Amino acid sequence: MAAEPLGEFELIARFFTRPVPPGRQDIALAVGDDCALLQPGPGEQWAVSTDTLLEGIHFLPTVDPADLGHKALAVNLSDLAACGATPRCCFLALALPRVDEGWLQSFSGGFLAMADAHGCVLAGGDTTRSPQGVVITVTVMGVVPRGQALLRSGARPGDDIWVSGNLGDAAWGLALRRGEASADAAGARSAIERLERPQPRVGLGLALRGVASGAIDVSDGLLGDLGHILERSRVGARILWSRVPRSDGLRRRPDAEQLRWALQGGDDYELLFTAPAQGRAAVEAAAGAAGVVVTRIGEITPTGGLVLLDAAGGPMDTAPRAFDHFRP
Ligand code: ADP
Ligand code: MG
């Protein structure tokens with residue numbers, strides 16, 4: 001006799017229900033009731049963010065489900081990092097065309113490993129059937145001391161502009177997965193790793209509290225995401241292309257690919273932030289404490305939009321901007 005297909009409630013119990021770790025007084029109640037009950041500490045604010053991943057738009061149907069689980073939470077944790085918030089808990093709304101236990105085992109394993117790595121308790125969610133592809137919506141909640149969140153609106157003229165890690169490898173990885181680019185074996189492995197297993201810069205975000213003036217995570221490309229800081233802070237910026245950090249593998253690609261992937265490519269999940277020029281040593285110390293490399297790529301100007309300069313100091317074209325779901 002064939003086994004009964006797994007129902008919604010067994011599915012939640014089997015793959016997404018675990019005891020709250022001891023010592024977590026902030027999570028009075030997690031999965032199992034109508035609501036989770038949460039409690040921030042005195043003097044703390046909740047930092048809350050939601051992101052949706054759609055099959056065919058944000059991930060390919062062929063992706064390893066463990067990597068997908070990792071990434072679904074990682075991209076949300078990256079938003080907490082950009083605010084300088086400490087992750088506390090998350091909510092997972094899953095819409096699935098069918099119940100595939102092997103897929104769920106891998107997906108939940110990847111998701112919960114990322115959650116454990118950041119002390120982020122899965123406190124609830126929703127499980128439904130999707131008529132078409134997989135839809136994953138994750139909400140994360142973190143805490144910051146009141147008034148200390150890093151915001152897009154904090155950049156001031158004269159501030160340095162910094163970015164963590166390297167940019168462009170994730171977009172290269174996507175082009176590789178689509179068969180639209182080439183790479184040697186080592187380059188391909190690291191570009192695809194950057195695409196499919198991004199590491200949110202949570203430790204760096206925390207270390208930058210009180211150091212950075214403004215911050216955002218690079219999810220949609222450097223130019224577009226810097227544009228968000230400029231708009232919210234009502235300032236301009238000058239960026240030196242030669243300083244934009246790229247991996248050695250990417251630097252061996254043709255110029256046009258480097259420009260496209262490092263400036264407009266999405267999915268890097270690095271932190272882009274500003275800090276007063278007097279604070280350079282503090283930025284370096286924060287990055288050292290977090291174990292992340294940071295690079296100074298330009299400065300905030302009073303006005304003038306976003307100007308990109310080539311090695312000779314001449315302006316370059318910055319016209320094509322970040323990915324926008326409604327403006328292809
Ligand atoms: P309700 O009908 O009251 O919304 P549900 O039956 O949807 O309750 O969910 C039951 C419990 O399981 C709730 O605590 C909910 O937060 C949790 N839950 C549902 N789906 C998930 C999931 N994918 N991951 C984590 N918790 C979930
Ligand atoms: Mg529900």
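All values reported here derive from a predicted model rather than from experimental measurement. All ligand and atom numbering here is 1-based and tracks the order in the structure.
The shortest N or O to N or O distance between Ala123 and ligand 1 is not below 3.5 Å. Geometrically, ligand 1 and Gly125 share a nitrogen or oxygen pair separated by less than 3.5 Å.
Here Leu29 is tied into one hydrophobic group with Leu37, each link being a pair of ILVMFWY side chains closer than 4.5 Å.
Taking 4.0 Å as the cut-off between side-chain N and carboxylate O, Asp267 and Lys71 count as a salt-bridged pair.
Proximity of Phe9 to ligand 1 is established by a heavy-atom distance of less than 4.0 Å.
Only backbone heavy atoms of Asp33 (N, CA, C or O) come within less than 4.0 Å of ligand 1; its side chain stays farther off. Counting heavy atoms under 4.0 Å from ligand 1, residue Thr127 touches it through both backbone and side chain.
Residues Pro97 and Gln132 share a closest heavy-atom pair of CG-O, 2.9 Å.
Atom CZ of Arg246 has more than 12 neighbouring heavy atoms from other residues, nucleotides or ligands inside a 6.0 Å radius.
A search for side chain to side chain donor-acceptor pair (under 3.5 Å) contacts involving Asp79 returns Ser49, not counting sequence neighbours.
In this comparison of Asp34, Ile12, Val138, Thr128, the heavy atom closest to atom 9 (O) of ligand 1 sits on Ile12.
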